[in-house]
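Here is the structure we will look at, set down as structure tokens.
Letters A, B, ... mirror the listed sequences (proteins, then strands); counts begin at 1. The figures here come from the full heavy-atom set of this structure, side chains too, leaving out hydrogens, waters and symmetry mates.
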Amino acid sequence: MLNSPQAEAVRSLDNPLLVLAGAGCGKTRVIIEKMIHIMQIKFCRPEQLYAITFTNKAAKEMQKRISKRLPNSEQICISTFHALGLQILKSETKHSGLRPGFSILDPGESSKIIQELVPRGIKKHLISELQWQISSWKNAGFRPSEISTTVPLNRDIYRQYLAYMNHINAVDFDDLIALSLWLLQDNPDVKARWQKKIAYLLVDEYQDTNACQYQLLKCLTDCGSHITCVGDDDQSIYGWRGAQPENLGLLAADFKNLQVIKLEQNYRSTETILKAANAVVQHNPHPFEKSIWSDLGSGELIAISSYDSIEEEAEQIATAIDFSTQHKHAQHTDFALLYRSNQQAKFIEQAFRKRNIPYHISGGRSFFDYAEIKDLMAYLRLLVNPRDNSAFLRVINTPKRGIGMHTIKRISQISKLRNLSFLQTCNQSDLSNQLDPKIAAKVRHFSDMITTLSRSRLPAETVLNQLLAQTDYINWIQHSANNQLAKINKTKLITDFVKWINAICNKQTTQLDDLINILSLQTNHDEEQQQGVALMTLHAAKGLEFKQVYLIGVEEGILPHSNSMDEADDPQQALEEERRLMYVGMTRAKSKLHISYVKKRKRKHPGQEKIATGPSRFIKEIPAEFIQTANSPERKQKIKQNFAALRAQLNQNP
DNA sequence: AGCTACGCATTTTTT
DNA sequence: ATGCGTAGCT
């Protein structure tokens, strides 16, 4: 059953709608019910219904939930912002300046391109700063011509970057949104077509939209009535990526007759957890007043513990979870450990492995981060997009075929002179005049293989198998692995990739270029192997819930993170965002929240001495009435139990 | 000359 | 456990 504001949000179809929903108040549910409602009253055809999320995970989850309720749900367009951008760019190649088969580059590749555009000898951190600058300009929706900067050189590099990306027929993640926006702005007829195509637009996690995404939304709906945005300003944690929680306010200014509905009843957490989280986030200024409440009872107090070292923190938590699962009927999946940065997971993993506690890490290293997968992706990209120099550079000598840096430099020079891509240059008939004939033969062998395969028009899975066979890739991987385990793991990686591709091909498209684009936007393969205790960053935890949550490393310098304030142009805003991160973490817990901090922690790289760190200021913002203090009788009792359990275990396996 | 292999510093959050 | 710089090696 929906509560009355939820039901009102679902039924409100005649005006633009903003749903301000607190954590755990059922905002995703509103989106799903609203889609079902729209379909049931036949307000539009399913392919005209668009739901936009930020992560693939959220999109998948939504797709799954709606497929249980509607027969033709797969025709509804549920996608991420980036996937929508891709869809627009792909269907409008006539106007975008891109050619079919264009590549999506990852940030590593885009960094290398910037490196090439910048004067030689520029320090690495300046390059990443420039990359960040370009990204921010795109996130703001600024074209090079629209920028007034104190450093005109940066703007020139931005311009050159866009030109080079176009030359190699590639886009980066930010381009998917920015180029889509510019395309619609420049072509009113295309814009009109898309506005017609989208009968109703629903946006999840609206507070995470950046200026560019906001403008895109405005373009797609023409400030029309058929938009529903769902968001929570207290959960805006992507400011560093250009997200503007101000977009919540802009909506009222730009969309006529905006209706605002608040969802304030929380169905997730106990009153204790909710009140404590609210008390923390109330230290931030609030343009929109919300008062979240719950009728789930007060429940347990929040446990706050301090430890001498990160190792001890990990050991104690592992022991406690072990104890709960063995003696208190708790499931491993009831628990989540949340932390500020990925590296904090390392010690927890060690402690968990020692005790054979099952766990999974989400968000960390993904399938697509493995060099082998990047190699194969680059091969596939090059087949579809012969202008993709980034892909070319990755695979020209992988596996090693005796083509080294100097040869590559030479190919690059010739390419520049003739305004060709690297692969096109390799296909030139006079190549053997330009290079050492022996090396030219090797280069030619490579380019022939690529060209033949790309012309073959074979189905994706066959192409991949051919590629693996002709490059002898698996053999090379096994040869380069230095131990047996690595050999097995890497081979499995490849076979998993092949399986993965077969699965996608069987399900939908066999077009190689579609396949590659889908894969490029896939960051982690969060397949249903989500067993055991969940380990993830606070960012990755948004939208999820767990019976018991451990927030670890809640110290000054970690949460709030020192870098976030040092590097921000507005430290106050950065601090507020860190506080919201704390709020998001706390509100993930349904019944029990544990918070811990460490007294001494290894600091940065130089000299590895441990430095004393204090508990986070956010801990002090939790009213004492909700806290079960570390030296309370219950706490002491628990420590005794844990210690006994640990000793028993150590005695069992000496 | 040009390529391969061994070694040294690196992590805030993500599509 | 990756990416870049400097040696040996063919």
Side-chain angles (χ1 to χ4, degrees), chain A residues 52-59 79-86 104-108 110-112 115 124-125 128 132 135 138-139 171-178 205 208-210 212-213 236-243 338-346 362-366 368-372 374 394 396-410 435-436 438-439 442 479-482 486 489 517-518 520-524 536-542 553 557-568 574 577-578 580-582 584-585 602 604-606:
Chain A
I52 309 297
T53 64
F54 274 84
T55 64
N56 293 309
K57 201 166 154 191
S79 79
T80 63
F81 258 106
H82 291 83
L84 174 67
L86 174 66
I104 301 170
L105 268 51
D106 68 36
S110 107
S111 160
K112 278 183 186 140
Q115 220 167 56
K124 234 184 129 184
H125 73 271
S128 61
W132 182 85
S135 173
K138 286 181 187 171
N139 287 165
V171 298
D172 63 26
F173 287 137
D174 301 322
D175 286 332
L176 289 169
I177 318 286
E205 305 284 10
D208 289 335
T209 52
N210 60 38
C212 195
Q213 287 160 336
S236 166
I237 54 176
Y238 286 102
W240 50 276
R241 211 169 75 179
L338 310 182
Y339 36 81
R340 176 67 233 262
S341 66
N342 278 309
Q343 58 196 115
Q344 290 173 260
K346 212 175 86 186
S362 37
R365 240 138 248 106
S366 99
F368 292 90
D369 286 339
Y370 289 99
E372 291 76 15
K374 283 185 179 171
R394 183 160 191 109
I396 176 67
N397 204 24
T398 316
K400 300 272 181 275
R401 39 175 83 83
I403 301 168
M405 205 173 61
H406 285 84
T407 309
I408 293 165
K409 279 266 149 66
R410 186 82 195 101
L435 301 172
D436 179 291
K438 263 188 179 168
I439 293 176
K442 291 176 185 172
H479 178 74
S480 68
N482 37 18
N489 283 338
N517 285 334
I518 292 168
S520 299
L521 291 183
Q522 216 78 46
T523 42
N524 46 1
M536 67 187 84
T537 63
L538 288 162
H539 285 87
K542 192 164 66 155
I558 303 281
L559 183 67
H561 202 284
S562 44
N563 290 359
S564 74
M565 276 124 83
D566 296 348
E567 282 166 32
E577 180 155 316
E578 296 289 305
R580 291 192 290 267
L581 217 35
M582 177 81 178
V584 167
K602 273 180 200 162
K604 303 243 160 150
H605 357 81

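From A:Gln213, atom CD reaches atom CZ of A:Phe54 across 4.5 Å, with rounding to the nearest 0.5 Å. One finds the CD1 atom of A:Ile403 at 15.0 Å from the CZ atom of A:Arg410 (value rounded to the nearest 0.5 Å). The line from CZ of A:Phe81 to CG of A:Leu521 is 14.0 Å long, rounded to the nearest 0.5 Å. Remark: A:Leu559 CG to A:Arg340 CZ distance equals 7.0 Å, nearest 0.5 Å. Atom-to-atom distance recorded for A:Ile408:CD1 and A:Asn397:CG is 6.0 Å, nearest 0.5 angstrom. The OG1 atom of A:Thr80 lies 7.5 Å from the CD1 atom of A:Ile177; values are rounded to the nearest 0.5 Å.
At the phosphate of B:dT13, OP1 or OP2 sits under 4.0 Å from a side-chain N or O atom of A:Asn342. Checking the phosphate oxygens (OP1, OP2) of B:dT14, a side-chain nitrogen or oxygen of A:Thr537 falls inside 4.0 Å.
Comparing C:dG3 with B:dT13, their C1' atoms are spaced 22 Å from each other, to the whole Å. Remark: the separation of the P atoms in C:dT6 and B:dT10 is 15 Å, to the nearest Å. For the P atoms, the distance linking B:dT11 with C:dG5 amounts to 15 Å, nearest Å.
Residue A:Ile518 contributes atom CD1, which lies 17 Å from atom P of B:dT15 at whole-angstrom precision. B:dT14 atom C1' lies 13 Å from atom CG of A:Leu581, rounded to whole Å. Spacing between atom CG of A:Asn517 and atom C1' of B:dT15 amounts to 14 Å, rounded to whole angstrom units. The CD1-P distance, from A:Ile237 to B:dT14, rounds to 9 Å in whole Å. Between the CZ atom of A:Arg340 and the P atom of B:dT11 there is a distance of 15 Å, rounded to whole Å. One atom, CD of A:Gln344, and another, P of B:dT11, lie 16 Å apart when rounded to the nearest Å. As rounded to whole Å, 8 Å separates atom P of C:dT2 from atom OH of A:Tyr370. Distance CE (A:Met582) to C1' (B:dT12): 17 Å, rounded to an integer number of Å.
Listed nucleotides B:dT15, C:dG3, B:dT14 differ in distance to A:Phe173; the shortest reach to its side chain belongs to B:dT15. In this structure, of C:dC4, B:dT15, B:dT12, it is B:dT12 that holds the atom nearest to the side chain of A:Gln343.
A heavy-atom distance below 4.5 Å is not found between the side chains of A:His82 and A:Ile104. For the pair A:Arg580/A:Ser236, a side-chain contact is recorded, criterion being any heavy-atom separation below 4.5 Å from C-beta on.
In this structure, the aromatic ring of A:Trp240 is positioned over the six-membered ring of the base of B:dT13, centres within 5.5 Å and planes within 30°.
Here A:Phe81 lies out of heavy-atom contact (under 4.0 Å) with every strand.
For the salt bridge (charged side-chain N to carboxylate O under 4.0 Å, His left out) test, residues two or more places apart in sequence or in another chain that qualify with A:Asp208 are A:Lys542.
One N or O donor and one acceptor, one from the side chain of A:His82 and one from the base of B:dT15, sit under 3.5 Å apart.
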Give DNA chain C the dot-bracket treatment, 5' to 3': Watson-Crick (N1-N3 with N6-O4 or O6-N4) or G-U (N1-O2, O6-N3) under 3.5 Å, [ ] crossing, | other strand. .|||||||||
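Nearest approach of A:Pro107 to A:Phe173, heavy atoms of both residues: CD-CE1, 3.9 Å.
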Report all interatomic pairs (protein N or O, nucleotide N or O of nucleotides 2-4 of chain B) with separations under 3.5 Å.
{"residue": "B:dC3", "atom": "OP1", "partner": "A:Gly404", "partner atom": "N", "Å": "2.7"}
{"residue": "B:dC3", "atom": "OP1", "partner": "A:Thr407", "partner atom": "OG1", "Å": "2.8"}
{"residue": "B:dC3", "atom": "OP2", "partner": "A:Met405", "partner atom": "N", "Å": "3.3"}
{"residue": "B:dC3", "atom": "OP2", "partner": "A:His406", "partner atom": "N", "Å": "3.3"}
{"residue": "B:dC3", "atom": "O5'", "partner": "A:Gly404", "partner atom": "N", "Å": "3.4"}
{"residue": "B:dT4", "atom": "OP2", "partner": "A:Asn397", "partner atom": "ND2", "Å": "3.1"}

